[in-house]
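Notes follow once the structure below has been shown.
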Amino acid sequence: MLNKSNIPKHIAIIMDGNGRWAKKKGLPRIMGHRQGIERVKEIVGACKGLGIDTLTLYAFSVENWKRPRPEVNTLMRLLEQFVKRELNSLIKNDVRIKVIGRIDELPENITRLLKETEFITKDNKSLMLNLALNYGGRIEIVDAVKAILKDVLKGSLNATDIDEEVFSSYLYTAGIPDPDLLIRTSGEMRISNFLLWQISYSEIYFTHKYWPDFRRKDLEDAIGEYIKRERRFGGI
Ligand code: FPP
C-alpha cells in the first residue's frame with residue numbers, strides 16, 4: 001500500500017528514450033518528445049495525487065546542445081509550449097515550478113518565461129516541480145565552488161565553516177531535500193551528470209520502458225519497489 005508515511009518525498013527522473021520510442025514506431029524524433037510531454041503532465045499529476053513533495057525532471061542537459069540544431073529548437077519550443085499551456089493548471093493544482101541549471105544561457109525569451117513562472121508559482125505548496133534545464137551535475141558543483149570562494153574572499157563566509165550542509169546551500173537545489181528515489185527510463189544504466197552530489201544515498205530504479213511509455217502505473221511500481229528496499233545510509 002502506498003501511503004504518505006512510506007512514499008518517497010522527493011523523486012528525480014531521467015526521462016530517456018524519446019528518440020528510440022519514435023524510431024521504433026517509424027516516426028520522427030520530435031514525435032517522441034511530444035509524447036514525452038504528455039507523460040510529464042501525467043506524472044506531475046500522479047505525484048501530486050500521491051502526495052509526493054518534490055519531483056525533479058531532467059529535461060535538458062548541458063550536453064544536449066550537441067544535438068542537431070533543429071532538435072534543440074524543437075525541445076525549446078516544446079518547453080515553452082508546456083510552460084505556457086500548463087501554467088493555469090499548475091497554479092490551480094498548487095504546483096511550484098523551479099528551474100535548476102544555467103538558466104541565463106537559455107534563449108532570452110525562455111529565460112524570461114521561466115523566471116516569470118518561478119515568480120508566479122513561488123508560494124504554491126502541494127508539489128514542487130524542479131525542471132533541470134541546461135543542467136549539469138559537474139558544472140553545478142563548479143558553480144558552487146566559485147560562489148563559495150567569492151563569499152570567502154568577501155569575508156561573509158569562513159573557510160573553516162564549510163561543511164556538507166554549507167556546501168549544499170550553494171547548489172542550485174539549495175534548501176531542497178535530496179532525492180529519495182531516482183528513476184531512469186529506457187534501459188540505460190547511467191547517471192549522465194544528473195544531481196551528482198544530491199543522489200549520494202538515493203535509491204535508484206531503472207526500467208526498460210521508454211519515457212513516452214512510462215505511465216502512472218509504472219511510477220507506482222517504482223515507488224512500490226522503493227518501499228521494499230531497506231535504506232541504511234551506511235549504517236547497519
Ligand atoms: C531523452 O530522450 C529526453 C530528452 C533529452 C528530453 C526530455 C524532454 C521532454 C520530455 C520534453 C521537455 C520537457 C519538459 C519538462 C517540458 P532522448 O531524445 O535522449 O531519446 P533517445 O535516447 O532514445 O535518443
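Counting starts at 1 for both ligands and their atoms, following the listed order.
- The closest approach between any non-hydrogen atom of Arg29 and ligand 1 is below 4.0 Å.
- Scanning both residues, His33 and Leu78, for their nearest heavy atoms gives CB-CD1, 3.5 Å.
- Annotation: atom 1 (C) of ligand 1 to nearest protein heavy atom, Met15 O, 3.0 Å.
- Other residues, nucleotides and ligands contribute only 12 or fewer heavy atoms inside 6.0 Å of the CZ atom of Arg138.
- In Leu131, the part holding a heavy atom less than 4.0 Å from any atom of ligand 1 is the side chain.
- Under the 4.5 Å side-chain heavy-atom criterion for grouping Ile, Leu, Val, Met, Phe, Trp and Tyr, Ile100 is not connected to Met15 through any hydrophobic cluster.
- For ligand 1, the polar-atom distance check finds no N/O of Trp21 at less than 3.5 Å from any of the ligand's N/O atoms.
- Ligand 1 has a nitrogen or oxygen under 3.5 angstrom from a nitrogen or oxygen of Asp16.
- The number of heavy-atom neighbours closer than 6.0 Å to NZ of Lys23, taken from other residues, nucleotides and ligands shown, is 12 or below.
- In this structure, the protein non-hydrogen atom closest to atom 20 (O) of ligand 1 is Gly19 N, 2.9 Å.
- More than 12 heavy atoms of other shown residues, nucleotides or ligands fall within 6.0 angstrom of atom CZ in Phe167.
- Here the heavy atom of the protein found nearest to atom 8 (C) of ligand 1 is Ala59 O, 3.8 Å.
- Here Lys23 has no heavy atoms under 4.0 Å from ligand 1, in either its backbone or its side chain.
- Closest approach of Gly17 and Pro212 over heavy atoms only: O-CD, 4.1 Å.
- Sparse packing is recorded around NZ of Lys84, with 12 or fewer heavy atoms of other residues, nucleotides or ligands lying under 6.0 Å away.
- Grouping the Ile, Leu, Val, Met, Phe, Trp and Tyr side chains by contacts below 4.5 angstrom, directly or via other members, places Tyr58 apart from Leu79.
- Within ligand 1, counting atoms from 1 as listed, the ones closer than 4.0 Å to a heavy atom of Phe82 are 16 (C).
- Set against the non-hydrogen atoms of Arg20, the atoms of ligand 1 under 4.0 Å away are 21 (P), 22 (O), 23 (O).
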(request) Go through Asp218 and Arg215 one step at a time and tell me if the salt bridge (Lys or Arg N to Asp or Glu O under 4.0 Å) criterion holds. (result) CA-CA 5 Å; Asp218 300 299; Arg215 310 297 305 252; over 6 Å; no
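- Considering only non-hydrogen protein atoms, atom 19 (O) of ligand 1 sits nearest to Arg67 NH2, 2.8 Å.
- Inclusion of Asn18 in the set of residues having an N or O under 3.5 Å from an N or O of ligand 1 is warranted.
- Residue contacts with ligand 1, taken as heavy atom pairs separated by less than 4.0 Å, do not involve Glu38 at all.
- Inclusion of Asn64 in the set of residues having an N or O under 3.5 Å from an N or O of ligand 1 is not warranted.
- The closest heavy-atom contact to atom 12 (C) of ligand 1, among the options Leu79, Leu78, Ile37, comes from Ile37.
- The residue from Lys98, Gln198, Arg102 that alone fulfils the side chain to side chain contact (heavy atoms under 4.5 Å, CB included) condition with Tyr172 is Arg102.
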